[in-house]
Amino acid sequence: MDFKSIIGHEQIKEHMQNAIKYNKVSHAYILNGEEGSGKKLLANVFARTLECNKGGTDACGTCISCIQADSGNHPDIKYVTHEKASIGVDDIREQINNDIGIKPYSSQYKIYIIDDGSKMTEQAQNALLKTLEEPPSYGIIILLTDNVNQLLPTILSRCVTLNLKPVSTDLIKNYLMNKHKVPDYIAELSASFSQGNVGKGIKYASSEEFLKMKDEVLHLLRYIDDMEFYEIIDAIKNISVNKLEIEDYLDLIMLWYRDILMFKATNDPNVLLFKEEYRYIS
């Protein structure tokens with residue numbers, strides 16, 4: 001995996017590659033974005049490129065360092081783990097503070113990637129702060145978080161924060177079709193429903209549950225005018241069973257009514273997301 005293979009996030013990729021090119025790599029980064037947005041992928045590619053034996057602004061993919069990074073066994077790329085719901089002070093002390101003083105085993109940098117960074121307790125953040133205040137020249141810490149506001153201001157002030165933005169629907173659609181061989185219609189629906197989140201787009205395109213949910217919602221919307229009251233209640237009860245997905249149901253309903261409004265405004269069936277529902281929408 002390299003920068004060229006990452007969908008979207010052009011500004012962040014450019015920032016990282018320029019930092020490498022001009023030797024201005026920071027000792028600490030925060031990648032802020034929702035789950036599935038690509039934080040971990042960006043961190044992995046950045047780390048892989050920094051450690052590549054051939055240098056340059058993108059990893060070669062063939063050197064020993066790249067092979068080790070791809071296998072998850074690079075001695076100088078560390079992933080901070082935690083067994084509890086939160087990342088505690090002992091996790092930070094044992095996996096970063098007590099380790100970072102040891103020079104890199106085989107590379108220029110020693111990189112620590114902290115997933116779920118917002119789960120660090122206040123004590124853990126204060127422990128990390130000690131390292132951020134006086135990091136060794138070879139140390140790089142990459143914090144991944146879906147809520148940057150959970151981090152202490154003192155942490156934020158010592159890190160370069162890169163906020164992930166939504167990826168365009170067309171880019172996600174083309175990626176799903178070309179990379180994952182998803183049919184055009186499913187790719188378009190999944191991309192639109194993902195709201196710019198590539199991870200969600202992949203999940204929806206490959207999820208039988210999502211397609212089943214779509215069919216349930218469309219069936220209700222198609223025939224709601226002709227349904228008996230008890231049938232509508234049964235349909236709503238069926239939806240309410242999946243409480244964790246209620247927002248997904250509502251989003252699908254919104255997309256249906258979006259199609260209705262778009263068709264009324266343009267009288268063009270090509271603008272419809274649910275093109276196969278044309279006879280019901282029109």
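Across every non-hydrogen atom of Ile140 and Ser26, the tightest pair is CG1-O, 3.9 Å. In terms of heavy atoms, Ile142 sits closest to Ala43 at CG2-CB, 4.0 Å. Here the shortest heavy-atom pairing between Ser118 and Asp146 reads OG-OD1, 3.4 Å. The two residues Cys52 and Cys66 make their nearest non-hydrogen contact at SG-SG, 3.8 Å. Nearest heavy-atom pair across Ser194 and Gly201 is CB-N, 3.5 Å. The minimum heavy-atom distance between Gln125 and Leu152, with the atom names listed, is OE1-N, 2.7 Å.
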Q. Which is it for Leu128 and Leu143 under the side-chain contact (heavy atoms from CB on, under 4.5 Å) test, yes or no, and what are the steps along the way?
A. CA-CA 11 Å; Leu128 180 63; Leu143 273 163; 4.2 Å; yes
Q.
Using side-chain contact (heavy atoms from CB on, under 4.5 Å), reason through Asp99 and Ile102 one step at a time and then give a plain yes or no.
A. CA-CA 6 Å; Asp99 183 78; Ile102 303 170; 4.2 Å; yes
Q: Apply side-chain contact (heavy atoms from CB on, under 4.5 Å) to Ile172 and Lys200, showing your working.
A: CA-CA 10 Å; Ile172 297 177; Lys200 287 184 179 180; over 6 Å; no
Q.
Using side chain to side chain donor-acceptor pair (under 3.5 Å), reason through Ser5 and Asp2 one step at a time and then give a plain yes or no.
A. CA-CA 6 Å; Ser5 62; Asp2 53 23; 3.3 Å; yes
Q | Steps toward side-chain contact (heavy atoms from CB on, under 4.5 Å) verdict (Thr49, Thr57) | A | CA-CA 7 Å; Thr49 305; Thr57 58; 5.6 Å; no
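Two residues are said to be in side-chain contact when any heavy atoms from C-beta on lie closer than 4.5 Å; Asn174 and Lys179 fail this criterion. The shortest distance between side-chain heavy atoms of Ile6 and Ile12 does not fall below 4.5 Å. Lys78 is not listed as a side-chain neighbour of Ile96, based on a closest heavy-atom distance of 4.5 Å or more. Contact annotation: the side chain of Lys54 approaches that of Thr62 to within less than 4.5 Å [non-hydrogen atoms, C-beta and beyond]. At a threshold of 4.5 Å between non-hydrogen side-chain atoms, the residues Asp116 and His82 count as touching. A 4.5 Å side-chain heavy-atom check between Thr81 and Asp91 finds every atom pair outside the cut-off. Counting heavy atoms from C-beta on, the side chains of Val89 and Ile92 never come closer than 4.5 Å. Looking at Met120 and Leu151, their side chains come closer than 4.5 Å, going by heavy atoms from C-beta outward.
Annotation for Tyr22: hydrophobic cluster partners, listed by chain and number, are none (ILVMFWY side-chain heavy atoms under 4.5 Å, direct or chained). As a member of the Ile/Leu/Val/Met/Phe/Trp/Tyr network built from side-chain separations under 4.5 Å, Leu261 groups with nothing else and remains a singleton.
When atom types are taken as modelled, the side chain of His180 and the backbone of Ala187 share no donor-acceptor pair closer than 3.5 angstrom. The backbone N or O of Arg93 lies less than 3.5 Å from a partner atom in the side chain of Asn98, making a donor-acceptor pair. When atom types are taken as modelled, the side chain of Ser71 and the backbone of Gln68 share a donor-acceptor pair closer than 3.5 angstrom. Of the possible donor and acceptor atoms, none in the side chain of Asp76 sits under 3.5 Å from a partner among the backbone N and O of Gln108.
Residues passing the side-chain hydrogen bond (donor to acceptor under 3.5 Å, both in side chains) test with Asp70 are Arg48, sequence neighbours excluded. Evaluation of the salt bridge (charged side-chain N to carboxylate O under 4.0 Å, His left out) rule for Asp115 yields Lys40 as partners, not counting sequence neighbours. Under the salt bridge (charged side-chain N to carboxylate O under 4.0 Å, His left out) criterion, Lys181 pairs with no residue, sequence neighbours left out. The side-chain hydrogen bond (donor to acceptor under 3.5 Å, both in side chains) search around Arg222 returns Glu277, not counting sequence neighbours. Legend: residues meeting salt bridge (charged side-chain N to carboxylate O under 4.0 Å, His left out) with Glu10, ordered by chain and number and at least two apart, are Lys13. Residues satisfying the salt bridge (charged side-chain N to carboxylate O under 4.0 Å, His left out) test with Lys39, not counting sequence neighbours, are none.
Within a 6.0 Å sphere centred on CD1 of Ile64, heavy atoms belonging to other residues, nucleotides or ligands number 12 at most. The number of heavy atoms from other shown groups lying within 6.0 Å of CD (Glu83) does not exceed 12.
In this structure, Lys119 NZ and Lys84 NZ are separated by 14.5 Å, a value rounded to the nearest 0.5 Å. Expressed to the nearest 0.5 Å, how far CG of Leu129 lies from CD of Gln123 amounts to 13.0 Å. We find the CG-CG distance between Leu189 and Asp184 to be 11.0 Å, quoted to the nearest 0.5 Å. Between the OG atom of Ser190 and the CE atom of Met177 there is a distance of 12.0 Å, given to the nearest 0.5 Å.
A side-chain contact (heavy atoms from CB on, under 4.5 Å) with Ile114 is found for one member of Ile87, Thr145, Leu144 and no other, namely Ile87. Evaluated for a side-chain contact (heavy atoms from CB on, under 4.5 Å) with Ile113, the options Asn44, Leu31, Ile141 yield exactly one hit, Asn44.
Linking ILVMFWY residues whenever their side-chain heavy atoms come closer than 4.5 Å, directly or via other members, places Leu221 and Phe193 in the same cluster. Taking hydrophobic clusters as Ile, Leu, Val, Met, Phe, Trp and Tyr residues chained together by side-chain heavy-atom distances below 4.5 Å, Ile100 does not share a cluster with Tyr79. A single hydrophobic cluster is not seen to contain both Met16 and Ile7; linkage of ILVMFWY side chains at heavy-atom distances under 4.5 Å, directly or through other members, places them apart. If you chain together hydrophobic residues whose side chains sit under 4.5 Å apart, Ile111 and Ile67 never meet in one group. Note on Ile30 and Val45: separate hydrophobic clusters, where clusters join Ile, Leu, Val, Met, Phe, Trp and Tyr whose side-chain heavy atoms are under 4.5 Å apart, directly or indirectly.
For the ring pair (Phe, Tyr, Trp, His ring centres under 6.0 Å) condition, no pair includes a residue of residues 86-138, sequence neighbours left out. Evaluation of the ring pair (Phe, Tyr, Trp, His ring centres under 6.0 Å) test over residues 50-75, restricted to residues two or more places apart or in two chains, returns none. Residues in residues 25-56 take part in these ring pair (Phe, Tyr, Trp, His ring centres under 6.0 Å) pairs, two or more places apart or across chains: Tyr29-Phe46.
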Let me check something: any side-chain donor-acceptor pairs from residues 162-171 under 3.5 Å, sequence neighbours excluded? List them with distances.
unit_1	atom_1	unit_2	atom_2	d
Asn163	OD1	Asn32	ND2	3.0
Lys165	NZ	Gln11	OE1	3.4
Ser168	OG	Leu171	N	3.2

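With no hydrogens or angles considered, no side-chain donor-acceptor pair links Asn197 and Tyr204 at under 3.5 Å.
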